[in-house]
**Student:** 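Submitted below is the structure of interest, expressed as structure tokens.
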Amino acid sequence: MNKKVSLREIVGTKIIYAIILASYYWMWARTDWKDWYLTLQLVLGCFLAAFFAFQQMRN
């Protein structure tokens with residue numbers, strides 16, 4: 001169960017979390033709402049779910 005995790009994986013994971021969080025905040029803070037924001041939000045949500053699934057399979 002104790003698999004070694006490289007520094008690259010740790011930093012990469014933190015960067016992905018930061019990008020997703022910044023994207024959601026950017027959409028939330030906008031005063032104009034465009035139709036493609038919903039599509040982007042759904043894509044980011046699906047990507048985040050898949051990312052968590054791959055992280056869980058890794059452990």
**Student:** Name all residues meeting the side-chain hydrogen bond (donor to acceptor under 3.5 Å, both in side chains) criterion together with D32; count only those two or more places apart in sequence or in a different chain, and write none if there are none.
**Tutor:** R30, K34
**Student:** With Y24, which residues qualify under side-chain hydrogen bond (donor to acceptor under 3.5 Å, both in side chains), at least two apart?
**Tutor:** none
**Student:** Membership question, hydrophobic clusters at under 4.5 Å side-chain separation (ILVMFWY): are Y37 and V43 in the same one?
**Tutor:** no
**Student:** Do any side-chain atoms of residues 5-23 form donor-acceptor pairs under 3.5 angstrom with protein atoms, and if so which ones, sequence neighbours left out?
**Tutor:**
residue: S6; atom: OG; partner: E9; partner atom: N; Å: 3.3
residue: E9; atom: OE1; partner: S6; partner atom: N; Å: 3.1
residue: E9; atom: OE1; partner: R58; partner atom: NH2; Å: 3.1
residue: E9; atom: OE2; partner: R58; partner atom: NE; Å: 3.1
residue: E9; atom: OE2; partner: R58; partner atom: NH2; Å: 3.4
residue: T13; atom: OG1; partner: E9; partner atom: O; Å: 2.7
residue: S23; atom: OG; partner: I19; partner atom: O; Å: 2.8

**Student:** Say you draw a straight line from CZ of F47 to CZ of F54; how long is it, rounded to the nearest 0.5 Å?
**Tutor:** 9.5 Å
**Student:** Which residues pass the ring pair (Phe, Tyr, Trp, His ring centres under 6.0 Å) test with W28, sequence neighbours left out?
**Tutor:** Y25
**Student:** Would you list the pairs meeting salt bridge (Lys or Arg N to Asp or Glu O under 4.0 Å) in which at least one residue belongs to residues 36-54, sequence neighbours left out?
**Tutor:** none
**Student:** At what distance, to the nearest 0.5 angstrom, does CG of D35 lie from CG of L40?
**Tutor:** 13.0 Å
